[in-house]
Amino acid sequence: MDELLSATAALASEYLAGAGARPVARPVTLGEMVAAIDSTLPDEGVDPLDVVRDLARNVDPGLVLTNGGRYFGFVEGGVLPAALAADWLASTWDQNPGFFALSPAAAAVEEICRGWLCDLLGLPDTWSAGFTTGAQLANFAGLAAARHHVLTEAGWDLEKRGLFGAPPVTVVVGRERHATIDRALRFLGIGSDQLAVVDVDDQGRMRADGLRLGGGPTIVCAQAGNVNTGAVDPLASICEQAHAAGAWVHVDGAFGAWAAASPALRHLTDGLEQADSLATDGHKWLNVPYDCGVVLCARPDAHRAAMRLSADYLVRDGERHGSDWTPESSRRARAFAVYAALRSLGRRGVARLVETSCAQARRIAERLPDHIEVLNTVTLNQVLVRIGNDDERTRRAAAAIQRGGATWLGTTTWQGWVAIRISVSDHATDDAALETLVQALAEN
Ligand SMILES: *Cc1c(COP(=O)(O)O)cnc(C)c1O
């Protein structure tokens with residue numbers, strides 16, 4: 001075991017030490033990758049050290065360097081050293097936070113992280129928290145709590161009677177919501193016909209003056225951090241109107257909610273603390289390794305009622321059962337990495353991480369040559385650009401940059417135009433990485 005783990009640690013160190021010289025991604029097909037990996041299931045087992053060494057060597061061409069500071073695609077985040085190390089231990093300890101008896105340690109760390117997250121995001125300490133795979137399932141859990149609550153208020157026992165015959169639930173969403181919202185609602189038995197879609201402004205923010213909240217069970221699903229522009233919906237106004245109408249407000253704040261952790265940027269998320277539930281990610285801006293999302297809820301009773309896994313042998317008062325707060329039963333002890341990330345950064349370090357990414361995004365926008373147009377107001381960590389005011393040229397440039405390997409950028413469609421998305425969310429992004437990015441864009 002000792003030899004295996006030392007050799008594995010050496011492989012990991014080697015990978016990280018070589019990150020500066022690696023292409024961010026290589027163009028490779030699924031077929032080529034499968035052919036490069038030993039894909040014969042052996043009749044007899046192979047020595048663990050050989051398994052790990054072969055695996056590391058053979059998968060290498062297909063590894064995407066999302067954590068080296070030069071990756072600006074999607075919203076990926078990097079990995080903080082303490083979080084990586086704690087995540088190794090989570091596997092080593094093989095803890096299952098589903099039930100208190102399975103890991104009092106994981107339960108305690110989840111409880112501590114719950115408090116720290118409330119503190120950092122400016123939420124009352126009474127909010128509950130569950131640690132999910134990502135914002136997709138955090139959105140699911142938050143919206144499930146919402147569905148439970150608004151149907152209970154309408155006198156409907158959802159857990160007993162299900163959705164058949166229930167009063168219809170209306171979900172108010174912005175036109176620029178994230179795709180995971182629609183999927184979460186689909187899982188919850190809420191279809192596209194039940195959506196009331198609200199127009200957005202030129203940054204993709206829900207128009208608060210466009211809210212028309214009628215009677216009946218209603219959930220308003222707002223967004224903190226548009227994936228294209230980084231813009232945050234006017235949360236204070238949305239919460240005020242929604243609550244006056246008896247509606248629940250869920251906020252998808254996968255990355256944008258982290259603005260609340262910075263005294264300088266907190267004003268962007270004003271009103272977040274008025275929401276009823278919030279989904280965010282650990283594996284994006286907090287820079288913990290995949291996977292980790294967090295659902296936070298102002299109404300622990302609704303949260304637990306929607307998620308709770310009940311069996312006589314499981315429930316005891318005064319204990320934290322992870323399965324009360326997430327859709328999973330058994331799962332990974334994700335909070336160890338969250339704890340390590342937050343403790344290694346400290347309150348100021350978290351603020352600095354967020355502020356640095358935002359300052360870097362502004363720097364990128366300022367430094368681009370004239371033929372590259374910045375389409376958004378850069379208030380957070382997202383920069384949206386278009387090259388030569390030309391769809392085809394923009395698409396070609398992104399493809400060339402992706403092939404080049406120095407950096408990586410994705411494309412999107414914004415208000416009918418093809419655009420390149422730049423997301424700055426890695427603690428490892430430095431001046432040299434910014435230079436590489438600006439250079440790659442300028443050359444194409
Ligand atoms: C990334 C993202 C999600 C989905 O998060 P996962 O971590 O991929 O599950 C949801 N909403 C927004 C706004 C996002 O940026």
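Counting starts at 1 for both ligands and their atoms, following the listed order. Note that this is a predicted model, so its numbers are computed, not measured.
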What part of Val75 sits under 4.0 Å from ligand 1 if we count only heavy atoms: the side chain, the backbone, both or neither? neither
Would you mind telling me if ligand 1 is within reach of the side chain of Phe74, the backbone, both or neither, using heavy atoms under 4.0 Å? neither
Do the side-chain N and O atoms of [X] and [Y] include a donor-acceptor pair separated by under 3.5 angstrom?
X	Y	answer
Ser237	Gln241	yes
Asp276	His250	no
His178	Gln136	no
Gln203	Thr229	no

Distance from [atom] to nearest protein heavy atom, with residue and atom:
atom	answer
atom 13 (C) of ligand 1	Asp252 OD2, 3.5 Å
atom 2 (C) of ligand 1	Lys284 NZ, 2.3 Å
atom 9 (O) of ligand 1	Gln136 N, 2.7 Å

Ring centers of Trp408, Phe74 separated by less than 6.0 Å: yes
Phe131 and Trp325 aromatic centres sub-6.0 Å: no
Assess Gly225 for proximity to ligand 1: is some non-hydrogen atom of it under 4.0 Å away? yes
Go through ligand 1 atom by atom and flag the ones less than 4.0 Å from a non-hydrogen atom of [X].
X	value
Gly134	7 (O), 9 (O)
Phe255	15 (O)
Val227	14 (C), 15 (O)
Ala254	2 (C), 3 (C), 10 (C), 11 (N), 12 (C), 13 (C), 14 (C), 15 (O)

Protein heavy atom under 4.0 angstrom of atom 11 (N) of ligand 1, is there one? yes
Are the side chain of [X] and the backbone of [Y] linked by a donor-acceptor contact shorter than 3.5 Å?
X	Y	answer
Asn287	Ser425	yes
Arg332	Asp87	yes
Thr132	Gly134	yes

For ligand 1, find out whether one of its N or O atoms is nearer than 3.5 Å to an N or O atom of Gln223. no
Could you say whether the N/O atoms of Ala135 and ligand 1 ever approach to under 3.5 Å? yes
